[in-house]
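Worksheet: one structure, shown below.
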There are 2 protein chains.
Amino acid sequence: MRGITTSRADGLTIGELSKLTGVNIETIRYYERIKMLPLPPRTAGGRRVYDPTHFRILAFIRRSRELGFSLDEIRALIRLGGPEKASCSQVREIAAHHLDGIRAKISDLRKLERLLAKTVAQCTGSTAPDCPVLDILDVRRAGQPARKDL
Amino acid sequence: MRGITTSRADGLTIGELSKLTGVNIETIRYYERIKMLPLPPRTAGGRRVYDPTHFRILAFIRRSRELGFSLDEIRALIRLGGPEKASCSQVREIAAHHLDGIRAKISDLRKLERLLAKTVAQCTGSTAPDCPVLDILDVRRAGQPARKDL
DNA sequence: CTTGCTCCTGTAGTTGCTACAGGATGCACC
DNA sequence: GGTGCATCCTGTAGCAACTACAGGAGCAAG
């Protein structure tokens, strides 16, 4: 269902909104489709016309994505920041949970980094089969006994 | 094209291979489909029969995925570790490039962590509109002047 | 009116899986 | 041989969060 038809001069085209927010045109349409963004009114020709509220919501989404929040988390944040103000503790809960996830990921990545860095450093570039990187990937090379029954 | 029909006692079923390697049955079939794994021979009844080579390749893929290599990177690594041995420097290049990516990601995540940790710490849980988390997400709250022409 | 750019809808693809439906096979037991 | 249950098969679709494209329409300037 299209909103009230409006004239072009009243707001922004999708291209203008895209430039202002740094969000791809197609992504804006995607967000509308999945109901992250309210339906904007249209011109008589069918073009979307965006107002300051849309700009504000889209900028919010963009910023939240930059911080790594999922779209569902962002939906919840948008609701909490809406007219019916909720306790900041709910916002904090979402953000803290997200922060926990980021910390876990950092921890994982650092383990990977340490292992890879050590292995790459051992790599003298000599001709295989002397290759420390492959050694940690290949069960036969890795020093584990080959399964004789296989 | 099905391989040579073989009897069941010659190797492993897909379920057994899945248990041994920790890779999901459906993921094994997926890897076969996208040609990460060679086609195994089948029984007269159409069931896959896996030999030690399959086990070895799948374990390699699993380990590489654990280390965060993409499937394309793993394809290249498998080729390099194959019968026609390549210089270890090519393996090293792939691994070093991957390590660079991991380091970049850690760096990004730490920036996110710092910003979020600071913001969450400021969150006293009081009733909005006093909410530091929303403050960094919302352009209107963030201290930037509202666009008067919007 | 023409031109060139922007916008529209609908569809499909990316990466790496994961899940399911509907049916077939295999094996142990009776 | 029949039964029951577990395993396996193929094909299709979905997930997250986009991204790209085709074919056509709209719009503003000249």
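A, B, ... follow the sequence lines: proteins, then strands. Residue 1 opens every chain. Every value quoted in this text rests on a predicted model; they were computed, and no experiment measured them.
Taking side-chain N and O atoms only, Thr43(A) has no distance below 4.0 Å to OP1 or OP2 of dG26(D). Arg65(B) has no side-chain polar atom (N or O) that falls below the 4.0 Å cut-off from OP1 or OP2 of dT15(C). Residue Thr13(A) places at least one side-chain N or O closer than 4.0 Å to OP1 or OP2 of dC7(C). OP1 or OP2 of dT10(D) lies within a sub-4.0 Å distance of a side-chain N or O belonging to Arg42(B). Put simply, Arg29(A) has a side-chain N or O that comes within less than 4.0 Å of OP1 or OP2 on dC8(C). Between Thr27(A) and the phosphate of dA17(D), there is no side-chain N or O to OP1/OP2 separation shorter than 4.0 Å.
Whole-Å rounding puts the Met36(B) CE to dT15(C) C1' distance at 13 Å. With rounding to whole Å, Arg48(A) atom CZ is found 14 Å from dC27(D) atom P. Distance CD1 (Ile28(A)) to P (dA20(D)): 14 Å, rounded to an integer number of Å. Atom CG in Leu58(B) sits about 14 Å away from atom C1' in dC17(C), given to the nearest Å. Computed from coordinates, the Leu17(B) CG to dT7(D) C1' distance equals 15 Å when rounded to whole Å. Following rounding to the nearest Å, Ile61(A) (CD1) and dA17(D) (P) show an atom-to-atom distance of 12 Å. Going from atom CZ of Arg33(A) over to atom P of dA12(C) covers 13 Å, rounded to whole Å. Atoms OH (Tyr30(A)) and P (dG10(C)) sit 17 Å apart, rounded to a whole Å.
Listed for the Asn24(A) side chain is no donor-acceptor partner under 3.5 Å among the backbone atoms of Glu26(A).
Among the protein residues, Tyr31(A) comes within range of the sugar-phosphate backbone only, with heavy atoms under 4.0 Å from sugar or phosphate atoms but none that close to a base. Across all strands, Ile25(B) comes closer than 4.0 Å only to sugar-phosphate atoms, never to a base (heavy-atom distances).
In this model, a side-chain donor or acceptor of Glu26(A) finds a partner on the base of dC21(D) within 3.5 Å.
The shortest distance between side-chain heavy atoms of His54(A) and Glu32(A) does not fall below 4.5 Å.
Looking at residues two or more places apart in sequence or on another chain, you find a ring pair (Phe, Tyr, Trp, His ring centres under 6.0 Å) between Phe69(A) and His98(A).
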Start with the C-alpha distance between Tyr50(A) and Thr21(A), add both sets of side-chain angles, then the distance that settles side chain to side chain contact (heavy atoms under 4.5 Å, CB included), and finish with yes or no. CA-CA 12 Å; Tyr50(A) 293 100; Thr21(A) 56; over 6 Å; no
Taking it one step at a time, do Asp72(B) and Arg75(B) satisfy salt bridge (Lys or Arg N to Asp or Glu O under 4.0 Å)? CA-CA 5 Å; Asp72(B) 274 345; Arg75(B) 268 189 241 266; 3.3 Å; yes
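Closest approach to the Arg47(A) side chain among dC8(D), dT19(D), dT6(C) is made by dT6(C) (side chain taken as heavy atoms from C-beta onward).
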